[in-house]
Number of protein chains: 2
Amino acid sequence: MIVQLPSWVSSIPLPVSASDEDVMNYVIELARANVRHATGGPFACAIVDDAGGVLGIGVNLVEQTQCSVFHAEMVAIVNASDHQASWDLGIRGPATLYSSAEPCAMCMGAIPWSGVHRIVVAARDVDVRAIGFDEGVKPIDWIDVYRRRGIDVTRDVLRDDAVAVLRAYAQGGGLLYNG
Amino acid sequence: MIVQLPSWVSSIPLPVSASDEDVMNYVIELARANVRHATGGPFACAIVDDAGGVLGIGVNLVEQTQCSVFHAEMVAIVNASDHQASWDLGIRGPATLYSSAEPCAMCMGAIPWSGVHRIVVAARDVDVRAIGFDEGVKPIDWIDVYRRRGIDVTRDVLRDDAVAVLRAYAQGGGLLYNG
């Protein structure tokens, strides 16, 4: 299988600064474009270094790849690993994963293996569930688990903007592809 | 990124029957061969239909792909999705995922999205941790969570054989690639 970003990704302007809001704005624009281009679910992700340099990008590719694994976070880890030629994305300095929504159980489990030092999320689990997606079962204290492992978690950055993309997808009759 | 099984995989004889022991024996032989050929960690997986037909195969490809995502279970889901041309591996009838070890937190989260109806595992978490791998943090009652979702779990099938492969990997100085 080839895991490949849609060609339109390069047309989205990169973050204008390394601030959480600017990077998240970029990620939400990716999610919005993924719905507009009908290339997958209403989710996107970027992994950036401390200078705001983009190490990897992900959009939801479950429909595109016909494979349940390729949530936005997973695609971003795959894309960043390709660019870094390493399974440890923290190898050249601290890396932060920005996701348009809180990670599901799979992505929650995957993120600590990727070597990122911090995650920033927009929509909450409850927002994702509200449009019919399943987030799976995570340890109730997963944020504390992350912190004990040295991964900081920041929530609710541009949450309303991300929720608007989720709602637009649901209203457009977007596919719910959970097993 | 291209996710591709090592070429030696086709040289391993397929399961001789659909029994749990025969399918697991095949999976453990894949894990053993993955170590012998130095193509990755000491883990393998197969997804089969009720007649014992192999829908997808996975071996650990973290080193090969330089990407932390590609544990054996994830590779098997990718491989089976490719063959089935569907993100729902249960689309043509019940499918069972056999893994040489209990799934880590990531794979535990991924399996319900794949549409398999049952999992069978050999080595336990404690066996995997004993050689230095991290399994992450799963809900304590993940097996009950699976059962409530209609996914049956069978453990300890050829556990000793799987543990022998884990130990051989550790004794050979195999890489521990957790983030």
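All of these numbers come straight from a predicted model, not from anything done at the bench. Naming convention: chains lettered A, B, ... in sequence-line order (proteins, then strands); numbering from 1 in each chain.
A pairwise comparison of heavy atoms in Leu176(A) and Trp87(B) identifies O-CH2, 4.4 Å as the closest pair. In this structure, Ser68(A) and Ser114(B) approach most closely via the heavy-atom pair OG-CA, 3.5 Å.
Annotation for Glu29(B): atom CD counts as buried by contact number, over 12 foreign heavy atoms lying within 6.0 Å. Environment of CZ in Arg129(A): crowded, with over 12 heavy atoms of neighbouring residues, nucleotides or ligands closer than 6.0 Å.
In terms of heavy-atom pairs under 4.5 Å with chain A, the best-connected choice from Ile77(B), Val78(B), Val69(B), Ile111(B) is Val78(B). When the candidates Glu63(B), Gln66(B), Met74(B) are compared by the number of heavy-atom contacts under 4.5 Å with chain A, Gln66(B) comes out ahead. The choice from Ala85(B), Ala105(B), Ala80(B) that makes the most heavy-atom pairs within less than 4.5 Å of chain A is Ala85(B). Contact count against chain B (heavy-atom pairs under 4.5 Å) is highest for Asp82(A) among Ile2(A), Ile91(A), Asp82(A).
Contacts of Met1(B) with chain A are made by both backbone and side-chain atoms, with heavy-atom separations under 4.5 Å. For Cys104(B), the part lying under 4.5 angstrom from a heavy atom of chain A is the side chain only.
By the rule that hydrophobic residues join a cluster once side-chain heavy atoms approach within less than 4.5 Å of another member, Ile12(B) and Val16(B) end up as members of separate clusters. One hydrophobic cluster holds both Leu14(B) and Tyr98(B) under the rule that ILVMFWY side chains link at heavy-atom gaps under 4.5 Å. Hydrophobic clustering (ILVMFWY, side-chain heavy atoms < 4.5 Å, transitive): Val163(A) and Tyr169(A) are in distinct clusters.
Distance check, rounded to the nearest 0.5 Å: SG of Cys67(B) to CG of Asn79(A) gives 10.0 Å.
Of residues 137-156 of chain B, those residues with a non-hydrogen atom less than 4.5 Å from any non-hydrogen atom of chain A are, in numerical order, Val137(B), Lys138(B), Pro139(B), Val145(B), Arg149(B).
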